[in-house]
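Working notes for the structure below.
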Amino acid sequence: MSPSGSPGFTRGGLTVHREPAELARVTRALRATGRKIHLVPTMGALHRGHLELIRRARRDINSVTVVSIFVNPLQFGPNEDFDRYPRSFEADLAACEDAGVELVFAPSVEAMYGTDPQITVHSGPLGEQLEGATRPGHFDGMLTVVLKLLNIVRPDLAFFGEKDYQQLVLIRRMVRDLNLDARIQGIPTVREPEGLALSSRNAYLTEEQHSAALALSASLTAGAHAGTGGAEAVLKAAGEVLATEPSVKVDYLELRDTELGPAPAEGEARLLVAAKVGATRLIDNALVLLGSPGVSEQA
Ligand code: AMP
């Protein structure tokens, strides 16, 4: 697929592109043949959560799936884990190949940002709440790289996990507010059998921390079960579970509406939690039905 001399390389049925302009050329040519383009942005260290996004992207047989693997420096704060973020490029390529992915985009930081980038996306008031309150600038950096990826690939459909719920809401918001063309597909969170949401950062956890971290998903399940009692009951039930694990340092536990505005009195709401377990910051969330009998999804 890549002309000789291009920075891309092929491995089995997979072509890896390093240069934005080259990938843009390839996706444009594919689109001209009538194929749909599906995009799955990731930071690599692929796990079953990422693979579920890929599986969903590949379900449409008329589509070509592009998986991007790029640890985006712009979305990490100065004291965050950019340098030690897990990187497993060879294993990621093998996983993509096994999953039937045709195109991987793995640019260097220089290829992605050039030498003197000046313009970024501002994530607005929602970008300063929840995750944004603890991670200033995180969502500006995330939206900037997502906008660049959408502009390079021009996907018909881009896939993001509900695991990063605020990210998903902000991306939908950017698409609406900036009149972007792409459609955004949210995918439910993939979990370990015991409930812990899969995350590349779970690799940081010791065995003991891993078992303490189960309190996050357990708290969401307890909160969801308390939905009939209303918002206060949900927060109380979830908070009680978190309190059973003193090593889990809660950053926030909040109930919001599905767009992350104030929680409604009734109907669909989102319960979101962030906590530090040792030095590792974990996030999780679940849908909660308020004021009606019945629980939405398993947390
Ligand atoms: P990341 O590599 O962490 O930036 O994640 C890339 C994409 O995978 C994002 O859209 C995440 O929301 C999604 N993702 C991460 N973990 C999970 C999970 N456990 N289940 C579903 N999607 C996930």
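In listed order, ligands and their atoms are each counted from 1.
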* To do: Indicate yes or no for a side-chain donor-acceptor contact from His210 to the backbone of Thr206 under 3.5 Å, with no hydrogens or angles considered.
  =>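 It does not hold such a pair.
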
* To do: Specify whether Phe76 and Phe82 have parallel, tilted or perpendicular ring planes, treating 30° as the upper limit for parallel and 60° as the lower limit for perpendicular.
  => perpendicular

* For ligand 1, the residues whose heavy atoms come within less than 4.0 Å (ordered by chain, then number) -> Pro41, Thr42, Met43, His47, Gly49, His50, Leu53, Tyr85, Phe160, Gly161, Lys163, Asp164, Gln167, Pro188, Thr189, Val190, Leu198

* Spacing of Arg55 atom CZ and Arg48 atom CZ [to the nearest 0.5 Å] -> 12.0 Å

* Asked: Do Asp140 and Thr120 have side-chain N/O donor and acceptor atoms under 3.5 Å apart?
  -> no

* Asked: Going by atom types alone, do Asn72 and Tyr113 pair a side-chain donor with an acceptor below 3.5 Å?
  ->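 Judged by distance alone, the side chains do pair up.
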
* Asked: Mind checking what makes side chain to side chain donor-acceptor pair (under 3.5 Å) contact with Asp181, not counting sequence neighbours?
  ->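 Scan of Asp181 (side chain to side chain donor-acceptor pair (under 3.5 Å), adjacent residues dropped) gives none.
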
